[in-house]
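As the structure lists them, so they are numbered: ligands from 1, and atoms in each ligand from 1.
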Amino acid sequence: MIVCKFGGKTTTNIDAIKNIYTLKKQNNDRVVFVFSAIGKENDNDEKITDILINCAQQFKRGKDTKKYFDKIETKFQKLQKNTNVNINLQTEISKIKNNFFKNKNKNYLISRGEYLTSLIMSKYLDLPFVPAEKIIFFNKKTLNTKKTYKKLNYYLKKYKKIVIPGFYGIDQNKKIKLFSRGGGDITGAIIAKVLKFSIYENWTDIDGIKQINPKLLNTAKQIKQISYSDVFLMTSYDTKVIHKDCAKYLQDTNTLIKVNSIFDIYACPTIICNRQYKDISFIIYKKIENKYIVVVKTQNFAKLLQKYQKYVIHKNNNLIKLVFSPKKFLSNILNIYENYDG
Ligand code: ASP
């Protein structure tokens, strides 16, 4: 069985939306559909989650929130138009507004981005909608696996296929618990783990995990197969395609994660699994204060070592870690790496 999760960008574009429908029709094993809130349509646009966070902050300061709710309505109207789905949006948004003004719970408000996106997408896909507050349960800090399993099982038996909002669950006091940013991915990982699904498809706007952050190098090659531990390392640095906690949840399971672009659904995904691959290559970095910490994993770093030996702070098998300040070193390293790993 397959759980598929759709990132914020996938609901901003009509072709991507049609591809989601194709995916549903194409394979009956896809039984759980998880959605993030609508993302940015372009660089000048705002994510629904950001609008909701700003709205909650303004409300706390006693400021007028109308402008935010108007923006939210406009974004959802667009999704309705693109999906041809008819729900009474104004009633839904008024309900949310009234509940929020009453309960003043910012997590509740922020979670409504995924709630409404999933509600509309469930109508579009013609599948039952089950809100995450009925499925994803937490104890104080950790997942209540038993209860989550029971509920997931119940709804899947009842409906066969379901649509669930990502990014949140409910705690033992019946309060909404939000995950960290980008946490729609975590919902997919929880479902795959609890139900022991063989595949977790993570549909995004990028064709898989790249050897180098595409923002640094737009010709960076896709990684075909990678282990959970390498993904954990990469996502602790600048790899943002998938949330770091996915590797944490799934590292001791047999679930494969397939990371793929919704704009090219027949392309090869990056496959993450519980196996080490010897010939894996990547460069990742993070900047802490004025220093760049760079990790290079490759079998061919002789030349790199020759030139940058004095910046190496750690080395083992085919992995080295360097620390330096001048930014140009980063592009020099990328150049050397490119020439070697081709
Ligand atoms: N909507 C949330 C965010 O913007 C979660 C997600 O996108 O997965 O962080």
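Put simply, part of Glu114 is less than 4.0 Å from ligand 1, judged by heavy atoms. Using 4.0 Å as the threshold, Gly183 has a heavy atom nearer than that to some atom of ligand 1. Heavy atoms of Gly166 come nearer than 4.0 angstrom to ligand 1 in no pair at all.
Remark: Lys9 engages Asp205 in a salt bridge, criterion side-chain N to carboxylate O under 4.0 Å. Using a 4.0 Å cut-off between a side-chain N of Lys or Arg and a carboxylate O of Asp or Glu, Lys75 and Glu41 do not qualify as a salt bridge. Taking a cutoff of 4.0 Å between a charged side-chain nitrogen and a carboxylate oxygen, Lys67 and Asp70 do not qualify as a salt bridge. Look at Glu201 and Arg30 and you find a salt bridge, because one of the NZ, NE, NH1 or NH2 atoms lies within 4.0 Å of a carboxylate O, short of that distance.
Within the listing of ligand 1, atoms 3 (C), 4 (O), 9 (O) sit less than 4.0 angstrom from a heavy atom of Arg181. Heavy-atom contacts of Gly184 reach the following atoms of ligand 1: 5 (C), 6 (C), 8 (O) (cutoff under 4.0 Å). Shown in contact with Lys47 at under 4.0 Å from a heavy atom are these atoms of ligand 1, numbered in order with element: 4 (O).
Across Thr204, Thr117, Ile262, a single residue satisfies side chain to side chain contact (heavy atoms under 4.5 Å, CB included) together with Phe6, and that is Ile262.
Using a distance-only test at 3.5 Å, with no hydrogens or angles considered, a donor-acceptor pair links the side chain of Lys193 to the main chain of Tyr249. Side chain of Asn274 to backbone of Thr253: a donor-acceptor contact under 3.5 angstrom is found.
For a threshold of 3.5 Å applied to N or O pairs, the pair formed by Phe167 and ligand 1 contains no separation below that value. Residue Thr49 has at least one nitrogen or oxygen atom sitting less than 3.5 Å from a nitrogen or oxygen atom of ligand 1, judged on distance alone.
Atom 6 (C) of ligand 1 has Ser36 OG, 3.2 Å as its closest protein atom, hydrogens excluded (heavy atom only).
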